[in-house]
Student: 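The structure's right below; bear with me while I get my questions together.
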Amino acid sequence: MRTEFVPDPGAARDEMEAQQRDIAAAATFTDDFEFDGDAVGSDTGPLVAGVDQAFLDDRVVSAIVVTRGESVVERAHAVSPLSIPYIPGLLSFREGNPILAAFEELETEPDCVLFDGSGHIHFRQAGLATHIGVVLDVPSVGVAKNLLCGTPESSTEGLAAGERVGIDADGDVDAPAGTRIGYAVQTKQYDSSNRHVNPLLVSPGHRVSAETAADWTLATAAGYKLPEPTRLADAHADDVKRTIDT
DNA sequence: GCGACAG
DNA sequence: ATCTTGTCGC
């Protein structure tokens with residue numbers, strides 16, 4: 001674990017931003033290995049983990065669910081106190097350590113981790129998925145429901161399931177304009193209905209390319225908008241939260 | 001000064 | 001993220 005990159009909620013804002021630039025420099029937005037879509041659906045394929053959180057008053061439940069093909073390999077969670085409020089662009093300083101606490105409870109070593117939030121799609125190219133991915137030095141992907149920054153190369157409205165639209169860096173991103181930082185990914189869509197499903201905003205966290213990040217998302221989606229590992233982690237976090245109550 | 005902004 | 005029942009439309 002890269003302890004020098006562990007987030008410090010007590011740091012000053014400019015120090016947090018400086019650390020994010022260092023993390024972006026240490027991150028890799030290229031593929032570490034070949035992506036095998038068929039293997040992902042196999043029971044002998046890669047271990048994919050989903051991470052999600054549920055909130056209480058001033059505490060947070062961080063849940064991790066590791067899957068391999070159709071089966072769940074392991075579930076883990078941690079309950080932690082929240083030290084700072086949510087600040088756009090500094091999410092990892094609020095939720096990073098709680099997530100790392102859950103990872104300490106995890107025995108499995110995932111081949112890829114799906115985080116709820118952005119990775120490369122970030123003002124300083126170091127969103128939650130990138131930050132934690134670099135700290136743990138594990139291939140990671142950021143899966144968000146809303147776009148933090150960047151500009152779609154074309155309309156992301158009415159995409160069919162399986163389609164993707166590139167998201168490029170703009171003036172809000174600390175990267176050359178036009179740099180491909182992610183994709184709007186349509187994992188689910190109603191074909192014969194008036195209803196619409198908004199695409200997910202996917203970006204590489206660490207050790208994966210933007211294209212592969214989108215591939216992982218589509219390969220682990222199973223009929224629902226969210227990738228299966230993420231859905232399961234979401235449900236697990238809620239279960240634990242209900243057990244604790246208020 | 002105003003707007004914009006993952007969870 | 002969270003507070004929450006019904007309700008619209010496959």
Side-chain angles (χ1 to χ4, degrees), chain A residues 7 9 13 16-17 20 23-24 27 50-64 77-100 102 113-133 140-152 156 160-161 167 169-174 181-185 188-206 210 213 217 223-227 230-231 233-242 244-246:
Chain A
R13 178 168 187 140
M16 292 178 172
E17 299 185 347
Q20 292 183 322
I23 289 168
V51 179
D52 196 33
Q53 297 167 301
F55 298 78
L56 281 64
D57 294 288
D58 55 350
R59 288 183 297 172
V60 57
V61 176
S62 303
I64 305 174
H77 78 272
V79 180
S80 324
L82 286 168
S83 39
I84 62 174
Y86 162 67
I87 301 171
L90 298 178
L91 183 65
S92 59
F93 290 89
R94 171 179 164 82
E95 307 183 348
N97 288 316
I99 288 174
L100 290 173
V113 180
L114 273 34
F115 288 93
D116 58 316
S118 293
H120 200 179
I121 293 181
H122 182 273
F123 308 121
R124 290 164 294 281
Q125 310 181 76
L128 180 70
T130 299
H131 198 142
I132 306 306
S140 63
V141 173
V143 178
K145 302 180 195 65
N146 294 290
L147 188 60
L148 174 62
C149 57
T151 304
T156 59
I167 304 294
D170 55 20
D172 293 333
V173 182
D174 209 345
I181 54 177
Y183 281 95
V185 178
K188 174 189 177 69
Q189 189 56 281
Y190 295 122
D191 33 49
S192 55
S193 164
N194 299 311
R195 297 217 56 183
H196 278 256
V197 176
N198 295 131
L200 290 173
L201 291 306
V202 180
S203 57
H206 182 43
T217 303
Y224 294 92
K225 174 170 175 172
L226 294 176
T230 303
R231 285 187 65 239
D234 187 84
H236 190 231
D238 280 333
D239 287 345
V240 174
K241 176 182 175 179
R242 303 188 66 164
I244 298 174
D245 259 15
T246 165

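Below, read A as the first sequence line, B as the second, and so on, with proteins coming before strands; counting in each chain starts at 1.
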Student: Using the side-chain hydrogen bond (donor to acceptor under 3.5 Å, both in side chains) criterion, which residues pair with R94(A)? Sequence neighbours excluded.
Tutor: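 Testing R94(A) for side-chain hydrogen bond (donor to acceptor under 3.5 Å, both in side chains), a comparison that skips the adjacent residues, returns none.
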
Student: Judged by atom type as modelled, is there a donor-acceptor pair below 3.5 Å linking the side chain of S118(A) to the main-chain atoms of G142(A)?
Tutor: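 Between the backbone of G142(A) and the side chain of S118(A) there is no qualifying donor-acceptor contact (under 3.5 Å).
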
Student: Side-chain contact test, heavy atoms from C-beta onward, threshold under 4.5 Å: evaluate it for M16(A) versus I84(A) and give yes or no.
Tutor: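 Counting from C-beta outward, M16(A) and I84(A) do come under 4.5 Å.
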
Student: Identify, with sequence neighbours excluded, every residue that meets side-chain contact (heavy atoms from CB on, under 4.5 Å) alongside N198(A).
Tutor: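 N198(A) satisfies side-chain contact (heavy atoms from CB on, under 4.5 Å) with K225(A) once adjacent residues are dropped.
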
Student: Who pairs with D239(A) by side-chain hydrogen bond (donor to acceptor under 3.5 Å, both in side chains), at least two apart in sequence or on another chain?
Tutor: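 With neighbours one apart ignored, the set is empty.
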
Student: Kindly express the pairing pattern of DNA chain C in dot-bracket notation, using | wherever a base pairs with another strand and counting only Watson-Crick or G-U pairs under 3.5 Å.
Tutor: ..........

Student: Can you build the contact string for nucleotides 2-7 of chain B? Use B for base contact, S for sugar-phosphate-only contact, and - for no protein heavy atom under 4.0 Å.
Tutor: ---BBB

Student: Stems involving DNA chain B: give each as a range paired with a range, ordered by first number, where a stem means at least three consecutive Watson-Crick or G-U wobble pairs under 3.5 Å.
Tutor: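 Result, WC/G-U stems under 3.5 Å: none.
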
Student: Please list, chain by chain and in numerical order, all residues satisfying side-chain hydrogen bond (donor to acceptor under 3.5 Å, both in side chains) with T230(A), sequence neighbours excluded.
Tutor: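 With sequence neighbours excluded, T230(A) shows a side-chain hydrogen bond (donor to acceptor under 3.5 Å, both in side chains) to no residue whatsoever.
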
Student: Which atom names give the shortest non-hydrogen contact between T130(A) and H120(A), and what distance separates them?
Tutor: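 Result for this residue pair: OG1-N, 3.6 Å.
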
Student: Please list, chain by chain and in numerical order, all residues satisfying side-chain hydrogen bond (donor to acceptor under 3.5 Å, both in side chains) with S83(A), sequence neighbours excluded.
Tutor: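 So S83(A) forms no side-chain hydrogen bond (donor to acceptor under 3.5 Å, both in side chains) with any residue.
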
Student: Below 4.0 Å from chain A heavy atoms, what is the first contacting nucleotide of DNA chain C and what is the last?
Tutor: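 Under 4.0 Å from chain A, the extent on DNA chain C is dA1(C) to dC10(C).
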
Student: Taking side-chain contact (heavy atoms from CB on, under 4.5 Å) as the definition, give me every residue that meets it alongside H122(A), ordered by chain and number, with sequence neighbours left out.
Tutor: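 Expected list: Q20(A), R124(A), L148(A).
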
Student: Under the side-chain contact (heavy atoms from CB on, under 4.5 Å) test, which residues partner A213(A), sequence neighbours left out?
Tutor: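 Counting only residues at least two positions away or on another chain, A213(A) forms a side-chain contact (heavy atoms from CB on, under 4.5 Å) with V141(A), V202(A), P204(A), V208(A).
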
Student: What's the separation between atom CG in L200(A) and atom CG in N146(A), rounded to the nearest 0.5 Å?
Tutor: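 With rounding to 0.5 Å, CG (L200(A)) is 10.0 Å from CG (N146(A)).
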
Student: Who are the side-chain contact (heavy atoms from CB on, under 4.5 Å) partners of A24(A), not counting sequence neighbours?
Tutor: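 Applying side-chain contact (heavy atoms from CB on, under 4.5 Å) to A24(A) gives Q125(A), A126(A).
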
